[in-house]
Chemist: 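Take this structure first; my questions come after.
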Amino acid sequence: MEPKENAINPDFLKPYSPQDNEKNLYKKWEESGYFNPDVCIERGITASDAETFSIVLPPPNVTGVLHMGHAAMLAVEDLLVRYHRMLGKRTLWIPGTDSAAIATQSKVEGEIYKKEKKTRHDIGRDELLKRVGEFAEASKDTIISQTKSMGSSLDWSRYAYTLDETRYKAVMEAFMRMYDAGLIYRGERIVNWDPKGQTTISDDEIVHEERKEKFYYLKYGPFTIGTSRPETKFGDKYVVMHPDDARYKEYEHGQTLELEWINGPITATVIKDEAIDMEFGTGVMTITPWHDATDFEIAGRHNLDKEQVIDERGILLPIAGEFAGQHIKKARENILEKLRSKGLLEKEEDYTHNVSTAERTGEVIEPQIKAQWFIAVNKKVEFPDGRVMTLKERMREAVEGEEIKIAPDRFNKTYYHWIDNLRDWNISRQIWFGHRVPAWFTGNEVKVQIESPGEGWEQDPDTLDTWFSSGLWTFSTLGWPEETADFKTYHPTTVLETGYDILFFWVARMILMSTFLVGEVPFKNVYLHGMVRDGKGQKMSKSKGNIIDPLDMIEKYGADATRLSLVVGAAPGNDVPLSEDKIRGYKHFANKLWNISRFVLTNTEGKKDIDKSLLSPRDQEILDGFYTVAKEVGDDIEKFGLYLAADKAYHYVWDELAAKILEESKPILNGDDSEAKQARQQVLIECLIGSLKLLHPFMPFVTEAVWQRLPEDMKDTEFLMVAKWPTKN
RNA sequence: GCGCGAUUAGCUCAGUGGUAGAGCGCUUCAUUGACAUUGAAGAGGUCGGAAGUUCAAUCCUUCCAUCGCGCACCA
């Protein structure tokens, strides 16, 4: 028997199977080369002078595994990229991974200690770096293949890693330029020390945690001082009060007093400073400038002595006398005991206050005075356009002047607020895995340069904050500082899409780096997605056992269903509740589309040009209806109303096309009026092809799977992913 | 303390200055007909509270309450 010319592909006789299609399709897409805009131009799919659309992928941790947050990010970015590619734009989405310096190093250190009972200091810097590097290299394939399983149309030929050669050059260039401009400086300042992580961290890596502790009132000569940390008070020899405080007006600034303190008699000096809150406690305090930022500033204003009391591990130094060598966590009770016995402890109260902890380790931050590298945010410098202003001013201007638009715009305020509170950024870290600070020491001399100045010079052992190199990401991935074609073509990028939780860490730092180093904003739009939560709006966490694993969901329901569930209902900046039911619902939708396709294909006989004279008013109405929806979906995407676009496309296809149009077409298709039948067949084909295109950015696999099984005469391109977005001609 | 957001159906959330919507869940009916189903119908809400602006407020303004989230050097 001769096969019928338009015989339907037998795959349509079964329900749609994501498992049987997704991997193969991704492979075909990759082999086609169309993820790379150069190939699209070469093959005549994209015009070489087409408008560009570019996104850099927020690089996931190289040693990480894909979680729902990544999945949401990939769904949104791929949606944007596929839509704009279909519009004919020169579209580039650059993949990469991040070394995640502290996280990766501590993971490897942990494993080494477990297996070999050795610390990083036992095995040395070179050996540790070798092992961390090997670990990162070995695990990168995991996150990359998981990223691909979402259908992400990333141009893998441009893959970047934060520690590779090109990025190293960019980081060094950035450091040198900022140093030469006087923006980077080394300073002896009070910094946030994480005793567990054994490194300094930036202000943004601190989490304030509310704790219930005791507040102690201590007798300090004629005064009563309040403190929550008696174990830091050994060296306190300045007593501070507000200059306007009438209660203490008999005391003069600079006056000295002899008094009995924890370890014996001392000489205290009275200091008057407006930083004191008269309402708080007794309105008098003593200061510990080495371990408290406020005290450090007061000491700076009056040129007072500073003395270290606690070492880097949290152990009391000899200044603590008999308590020296004790860990601060254990010493407090002992010290209180002594204060009591000496009659210095007047009373204690319950007290709730915020403690600074390190985001990563959870350890309580111990401020320390240390020599570190900083970026000056309040210093006037010359920008590439010749203007002289501070980094802060330029960062603010970028958003105020709408060079960058943030969606949703309520985050503008958050961004300004952050900038206004921003202090100089500590960029050096006492860890080994990362870009090493290009500075060299010999004796008291310091030289800042990339290569060693010669014999006898030791390189600074510190590495740079991971956000320093991440801040360069939009242009370091494009080959900067070389004036590459990619850099010239694709920078500034069109959209930066990321979670609102790293607005400060990353988005703001990119703006800082790009405006100064490149002289332009890193991106024109910021799209902030929310956090993915469980079906009840709870945070997903291991301890709650409510984690939904995207890899499981892809396996069970397909990447398309997983993607759609993360886009529908996800307004920018709002958290997304996600349940397995929701994902299952969109799997049904993928199957629905599959069946719509089967129905149309079995009830039509190939594509012909539509003979407009045969169209009934209803036929025309159906076509108009489709193109109206296509226009609205496109408009919503451009306005970043992605959740609206997805919902609209979904409802059109299910409630309009399937439920109404197909149903009402059945009698026509089975009827005797052959002209009416022919017209309706062409209308259905047009709606089917249009709907596949409309849904492709949201669910690329099932739409492409159908496309690949369409008769050749229905398709204008081999791959749906490079077909033209439907517009009314 | 300052700021932001939320408060709408049993649950999760859209939404608009003109007598309320979706998904899931629930109830009933039809159907093996493109559909490991689908279609139709239905129950269920004084749209957090109060005042104001308006012909008209769930939507705008003010105040309050509750929840969530940022930011913050109160020792």
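All chains are named by letter (A, B, ...) in the order of the sequence lines, taking the proteins before the strands, and each is independently numbered beginning at 1. Keep in mind that what you see is a predicted model, and the values were worked out from it rather than measured.
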Chemist: Quick check for you: among rG3(B), rA36(B), rU38(B), whose closest atom lies nearest to any side-chain atom of P15(A)?
Modeler: rA36(B)
Chemist: Between rA36(B), rG39(B), rG5(B), which nucleotide has the shortest distance from any of its atoms to the side chain of A659(A)?
Modeler: rG39(B)
Chemist: Rounding to the closest angstrom, what is the interatomic distance between rA72(B) and rG1(B) at atom C1'?
Modeler: 8 Å
Chemist: Could you tell me whether L662(A) contacts a base, only the sugar-phosphate backbone, or nothing, with contacts defined as non-hydrogen atoms closer than 4.0 Å?
Modeler: base
Chemist: Have a look at T286(A) and tell me which of T227(A), D236(A), T232(A) forms a side chain to side chain donor-acceptor pair (under 3.5 Å) with it.
Modeler: D236(A)
Chemist: So, does D409(A) use its side chain to make a donor-acceptor pair with the main chain of K405(A) at under 3.5 Å?
Modeler: no
Chemist: With heavy atoms under 4.0 Å as the rule, sort A571(A) into base, sugar-phosphate or nothing.
Modeler: nothing
Chemist: When all nucleic acid strands are considered with a 4.0 Å heavy-atom cut-off, which category describes K14(A): base, sugar-phosphate, or nothing?
Modeler: nothing
Chemist: If you check the I596(A) side chain, which of rA34(B), rG5(B), rG3(B) turns out closest?
Modeler: rA34(B)
Chemist: Would you mind pulling out the nucleotide paired to rG52(B), Watson-Crick or G-U wobble, both distances under 3.5 Å?
Modeler: rC60(B)
Chemist: Is rG70(B) paired to anything, Watson-Crick or G-U wobble with both distances less than 3.5 Å, and if yes, which nucleotide?
Modeler: rC2(B)
Chemist: Around atom NZ of K214(A), are there more than 12 heavy atoms of other residues, nucleotides or ligands at under 6.0 Å?
Modeler: yes
Chemist: Does the gap between the ring centers of F374(A) and W425(A) come in under 6.0 Å?
Modeler: no
Chemist: Among rA22(B), rA34(B), rG3(B), find the nucleotide with the atom closest to the side chain of H651(A).
Modeler: rA22(B)
Chemist: Regarding E704(A) and R709(A), does a basic nitrogen lie under 4.0 Å from an acidic carboxylate oxygen?
Modeler: no
Chemist: Show the numbers, then the answer: is there a side chain to side chain contact (heavy atoms under 4.5 Å, CB included) between F215(A) and H353(A)?
Modeler: CA-CA 10 Å; F215(A) 191 70; H353(A) 69 146; over 6 Å; no
Chemist: Can any side-chain N or O of E307(A) pair as donor or acceptor with the backbone N or O of G235(A) at less than 3.5 Å?
Modeler: no
Chemist: Report the base-pairing partner of rU16(B) (Watson-Crick or G-U wobble, both distances below 3.5 angstrom), or none.
Modeler: none
Chemist: Determine whether the aromatic ring centres of Y650(A) and F698(A) lie less than 6.0 Å apart.
Modeler: no
Chemist: OP1, OP2 of rA6(B) versus side-chain N and O of N574(A): anything below 4.0 Å?
Modeler: no
Chemist: Reading nucleotides 68-75 of chain B 5' to 3', which nucleotides get B (base under 4.0 Å from a protein heavy atom), which S (sugar-phosphate only), which -?
Modeler: --SSBBBB
Chemist: Could you give the distance separating rC73(B) and rC2(B) at their C1' atoms, to the nearest angstrom?
Modeler: 15 Å
Chemist: Rounding to an integer number of angstrom, what distance separates rA43(B) and rU16(B) when you compare their C1' atoms?
Modeler: 25 Å
Chemist: NA contact type, P577(A), heavy-atom cut-off 4.0 Å: base, sugar-phosphate, or nothing?
Modeler: sugar-phosphate
Chemist: Is there a side-chain contact between W654(A) and the phosphate of rG39(B), meaning an N or O under 4.0 Å from OP1 or OP2?
Modeler: yes
Chemist: Rounded to whole angstrom, note down the C1' distance from rU28(B) over to rG15(B).
Modeler: 29 Å
Chemist: For rA40(B) and rA22(B), measure between their P atoms and round to the nearest Å.
Modeler: 12 Å
Chemist: For the side chain of Y643(A), counting heavy atoms from C-beta on, which of rA34(B), rA14(B), rU38(B) is nearest?
Modeler: rA14(B)
Chemist: Starting at the 5' end of RNA chain B and moving along, which residue's nearest nucleotide shows up first, K582(A) or N591(A)?
Modeler: K582(A)
